[in-house]
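Naming convention: chains lettered A, B, ... in sequence-line order (proteins, then strands); numbering from 1 in each chain.
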Amino acid sequence: MADISNLKRVKALIRERTSNNKLITILSFLLAFTILLTTFIFSNISYSIKAKVLDYSTIIISSLYSPINTLNNSISNISNIINVHENNKILILENENYKNLVNNLSILKIKNNEYKKLLNISDDIKYNFTTSKIISRSNLSYTKSVILMSGKSDNIADGSPVIYKNSLLGYINQVGNISSRLISITDGIVKVPSIILEKDFKIIVSGNNDKYLEILNYDELSLVKEGDKVFTSGDGNKFPENLFVGTVMKKSNGDLIIKPSIDINNLNYVYILNWSLKDRGIDIKDDPIYYD
Amino acid sequence: MSIYSNIISNIKYLTPLCTSLIFTIIAIMPIMPKGYDSITPLLGIISMSFWIVHRPDIMGWALVAVIGVFTDILYGSFFGTALFASFTIRLILIKIIYKLELVNIFHSLFYITLSITIWLMIFLLINILFNTHSTNYYNYIFQCITSIIVSPMVIFFQLYLLKKITS
């Protein structure tokens, strides 16, 4: 009985303390609206706050990420061990195909170099990059981004494209001193000017916070077929050209979607390209349209 | 009473804030099997709602604001959205808890389900406002379902902490 009366007393006390103060409620919502509006109008202010807090949280996040990721990988490794025999069979077949492809590739490389010499084409720009560790996952239905353990101290700049083995992953959206945020190409705000090289057909690829990407073209898409490989076109100077974006697939209702080449959540490290004007081979004196 | 002893004696009142922040960080860790990442349970929101329901006196507007801002920064969402969603959850829960007496775990589960639904609805609306093209609603629905399925674990853990605080 003493317990029950004690519980009632505690509840009554809590109620008394949480009296519905209208003024505080209104002030709280005003604060929320002000922050929302500030983010919309003066994005620089919220940007610096976000970068600072993210920097401070990075140490805790990175120390938690490693053990949890190891545990998660161990669990997925168990299923790999179970299927090792079947996987081995598939790999042997793929390896034979791969050997043939390597031979073809070396012949094509030689021919390509000869054509380049004949046409007097300059070599492609080779971008420098910084390798960075992923310390969080993209675990939400409404945004697709991860935190990287590289920041201004590693010469990372806002807007730098992020790749993995010649595949586009996204771009840097927020840079702190020791951390940065990578926005994946599957995020709803990302639009990638792309091209299907085999057909010389340009498309705009957009994320929609899902596993797959959408094609935003209003033109006729009859040229695009299932299995077509999509690459970056380099238009708009946001991403370098010829980075692999994904493969065209067909939904059950006939709509065309693109399966990204790599799932960002399966990676531990990424490459951040140095995207300054100098690194891109742009001379500000010759090309006054470009500015920092 | 020195400042130090004052902090030590009141440290238990920081438990709701700390647990909510820790659960928010855990939610961005690789806790789901590969391929199911986009439906990871919203652990931070479950934790915050639990404390709003059980100790609204501790989980006041200020602490809710801290959790909201921290969530926005960690998740990389549009700054202010999580703050607004957290305030809305607190306002609605406080309005309801005085009409519906909290008796058992099922009531907690109901409040948490309501909170997750409010949270995802607000984010869905913001997403529709900013991205005019199609949105995948299934991810929202499944994230809501996985959050509800996982929430009893968070509830039991926090009930233990609640007992320790209240005793």
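Heavy atoms closer than 4.5 Å to chain B are found in the side chain of A:I60, but not in its backbone. At a 4.5 Å heavy-atom cutoff, the contact between B:I31 and chain A is made by backbone and side-chain atoms alike. The contact between B:L42 and chain A is made entirely by side chain atoms (from C-beta outward), counting heavy-atom distances below 4.5 Å. In this structure, the portions of B:I28 lying under 4.5 Å from any heavy atom of chain A include both its backbone and its side chain. Neither the backbone nor the side chain of A:Y47 comes within contact range of chain B, judged by heavy atoms closer than 4.5 Å. If you measure heavy-atom distances from A:S76 to chain B, the contacts under 4.5 Å come from the side chain alone. Using a 4.5 Å cut-off between heavy atoms, B:M29 touches chain A through backbone and side chain atoms alike. The part of A:S57 that comes within reach of chain B is its side chain, from C-beta onward, which places non-hydrogen atoms under 4.5 angstrom from that chain. Residue B:Y138 does not touch chain A at all, counting heavy-atom pairs closer than 4.5 Å. Using a 4.5 Å cut-off between heavy atoms, B:S86 makes no contact with chain A at all. For a residue to count as touching a neighbouring chain, one of its non-hydrogen atoms must lie under 4.5 Å from one of that chain's; by this rule A:I61 touches chain B with backbone and side chain alike.
Classified by interplanar angle (parallel below 30°, tilted 30° to 60°, perpendicular above 60°), the ring pair A:F29/B:W61 is perpendicular.
With A:N72 contributing its side chain and B:M32 its backbone, the two residues share a donor-acceptor pair below 3.5 Å. Remark: side-chain polar atoms of B:D37 are not paired, donor with acceptor, to backbone N or O of A:L140 under 3.5 angstrom.
Here the straight-line distance linking atom CD1 of B:I94 with atom OG1 of A:T25 works out to 9.0 Å at 0.5 Å rounding. With values rounded to the nearest 0.5 angstrom, A:N265 atom CG is found 8.0 Å from B:T40 atom OG1. Taking CZ of B:F87 as the start and CG of A:L27 as the end, the distance is 10.0 Å to the nearest 0.5 Å. Note that OH of B:Y75 and OG1 of A:T143 are 11.0 Å apart. Values are rounded to the nearest 0.5 Å. Rounded to the nearest 0.5 Å, atoms CG (B:L83) and CZ (A:F33) are 10.5 Å apart. Here the straight-line distance linking atom OH of B:Y140 with atom OH of A:Y142 works out to 8.5 Å at 0.5 Å rounding.
Counted within 6.0 Å of CD1 on A:I204, heavy atoms from surrounding residues, nucleotides or ligands total 12 or fewer; the atom is thus considered open.
The greatest number of non-hydrogen atom pairs below 4.5 Å with chain A, out of B:S77, B:A27, B:G80, B:A65, is found for B:G80.
The minimum heavy-atom distance between B:G76 and A:S145, with the atom names listed, is CA-OG, 4.4 Å.
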side-chain contact (heavy atoms from CB on, under 4.5 Å) between B:N139 and A:N209, intermediate numbers included: CA-CA 9 Å; B:N139 278 348; A:N209 294 325; 5.8 Å; no

Using side-chain contact (heavy atoms from CB on, under 4.5 Å), reason through B:F84 and A:I35 one step at a time and then give a plain yes or no. CA-CA 9 Å; B:F84 176 68; A:I35 290 176; over 6 Å; no

CA sep, side-chain torsions, deciding dist, call: B:S38, A:K144, side-chain contact (heavy atoms from CB on, under 4.5 Å): CA-CA 8 Å; B:S38 57; A:K144 300 283 170 206; 3.0 Å; yes

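Contact of the B:F79 side chain with the A:T38 side chain is not registered, since no non-hydrogen atoms from C-beta on lie closer than 4.5 Å. Residues A:L54 and B:L74 form a side-chain contact, since some pair of their non-hydrogen atoms from C-beta on lies under 4.5 Å apart.
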